[in-house]
Asker: 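Sharing a structure with you now.
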Amino acid sequence: VALTSEMLAVLPADLCRELHDALESLEGERIAAVIQQVEAYDSALHKTLSRLVENFDYPAILKALQPKQTGNMT
Amino acid sequence: MTDKGKILAVDDTPASLKLLTDILKAEGYEVRSAISGELALHAAISNPPDLVLLDIRMPEMDGYEVCRRLKAQPATRDVPVIFVSAVMETSEKVKGFEIGAVDFVTKPYQRDELLARVRTHLELTACATIWRTWWMSAQPS
């Protein structure tokens with residue numbers, strides 16, 4: 001399953017921020033702890049994230065975590 | 001003692017990165033694993049490791065570029081970088097040394113050789129740090 005921003009929308013903003021920071025730190029235990037918290041919100045999402053983390057595919061998760069571009073033109 | 005050393009392992013192939021990570025973890029090192037040069041660079045600068053094991057051939061930012069940028073930052077300038085790569089022409093090794101690598105490991109590598117090189121460079125860097133501290137303190141002010 002490809003990860004999308006929509007799938008991450010079920011998570012509280014704080015948890016998303018911690019997931020982002022943990023992934024950028026590359027600290028395995030810290031990442032695992034955040035992923036574990038996702039289970040309580042959405043077990044399918046938890047599974048998807050776990051598989052991505054197993055393959056070190058942090059860029060895919062970070063990309064989905066990125067805030068949507070707003071369409072405002074300046 | 002928690003600290004055998006903090007190592008940053010960088011390889012764009014998940015299986016290779018997993019192997020490298022597992023070998024180092026089993027030996028007691030604290031390992032952070034990066035699948036891309038960008039992630040590695042960001043993590044290294046915000047929390048410098050004691051040593052970097054760096055794959056050369058990676059898309060977007062290759063190992064040479066990661067090494068060059070690590071050497072350009074005060075926080076990571078003195079962190080030893082060992083290149084891990086399958087392609088090892090002499091010219092490529094020379095290029096690696098020129099931009100600041102301390103050693104090379106050729107893939108496929110033997111576990112014991114990899115660990116021996118890691119241990120040696122962690123020790124050398126520790127010695128250099130002690131020497132530098134002593135030398136600075138010995139200077140008349």
Side-chain angles (χ1 to χ4, degrees), chain A residues 1-70, chain B residues 2-55 57-63 66 69-70 73 75-76 79 81 84:
Chain A
V1 189
L3 184 69
T4 62
S5 314
E6 287 71 29
M7 291 161 73
L8 291 166
V10 298
L11 303 177
D14 281 355
L15 192 57
C16 285
R17 206 168 306 126
E18 175 54 20
L19 179 58
H20 174 272
D21 294 350
L23 290 169
E24 283 205 328
S25 81
L26 304 176
E27 288 164 24
E29 284 175 20
R30 190 173 162 195
I31 295 166
V34 186
I35 299 291
Q36 193 49 51
Q37 288 185 57
V38 173
E39 171 104 74
Y41 295 93
D42 184 336
S43 64
L45 177 62
H46 172 256
K47 211 172 279 176
T48 303
L49 290 174
S50 299
R51 201 163 10 200
L52 289 168
V53 166
E54 247 168 60
N55 286 313
F56 305 99
D57 198 355
Y58 308 161
I61 307 175
L62 287 167
K63 198 175 159 208
L65 280 167
Q66 262 173 19
K68 285 248 173 57
Q69 297 292 319
T70 49
Chain B
T2 53
D3 242 9
K4 246 200 124 174
K6 296 188 291 180
I7 299 179
L8 179 59
V10 193
D11 197 309
D12 68 311
T13 311
S16 304
L17 186 57
K18 177 101 169 67
L19 177 66
L20 201 53
T21 303
D22 289 349
I23 289 174
L24 295 164
K25 273 192 179 162
E27 202 61 17
Y29 293 109
E30 190 183 315
V31 189
R32 285 181 290 161
S33 319
I35 200 84
S36 76
E38 288 83 354
L39 277 178
L41 201 58
H42 186 276
I45 290 164
S46 61
N47 181 11
D50 298 314
L51 185 136
V52 181
L53 282 167
L54 190 55
D55 183 23
R57 297 232 169 135
M58 295 188 291
E60 288 161 50
M61 197 190 292
D62 70 7
V66 175
R69 295 200 193 187
L70 288 173
Q73 294 281 336
T76 51
V79 176
V81 173
V84 183

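In this text the structure is predicted, and so the values were computed from the model without any measurement. FYI, side chains are in, hydrogens and waters are out, and symmetry mates aren't considered; it's all heavy atoms of this structure. Every chain is numbered from 1 and lettered A, B, ... according to where its sequence line falls, protein lines coming before strand lines.
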Asker: Taking side chain as everything from C-beta outward and backbone as N, CA, C, O, which of these in Leu62(A) sits under 4.5 Å from a heavy atom of chain B? Side chain, backbone, both or neither.
Answerer: side chain
Asker: Testing the basics here: between Ala40(B) and Leu26(A), what is the closest heavy-atom pair and its distance to 0.1 Å?
Answerer: CA-CD1, 4.4 Å
Asker: Taking atom types as modelled, which donor-acceptor pairs link chain A and chain B at under 3.5 angstrom?
Answerer:
from	atom 1	to	atom 2	distance (Å)
Glu24(A)	OE1	His42(B)	NE2	3.4

Asker: Please find the pair of heavy atoms, one from Phe56(A) and one from Leu17(B), that lie closest to each other, and give the distance.
Answerer: CG-CD2, 3.5 Å
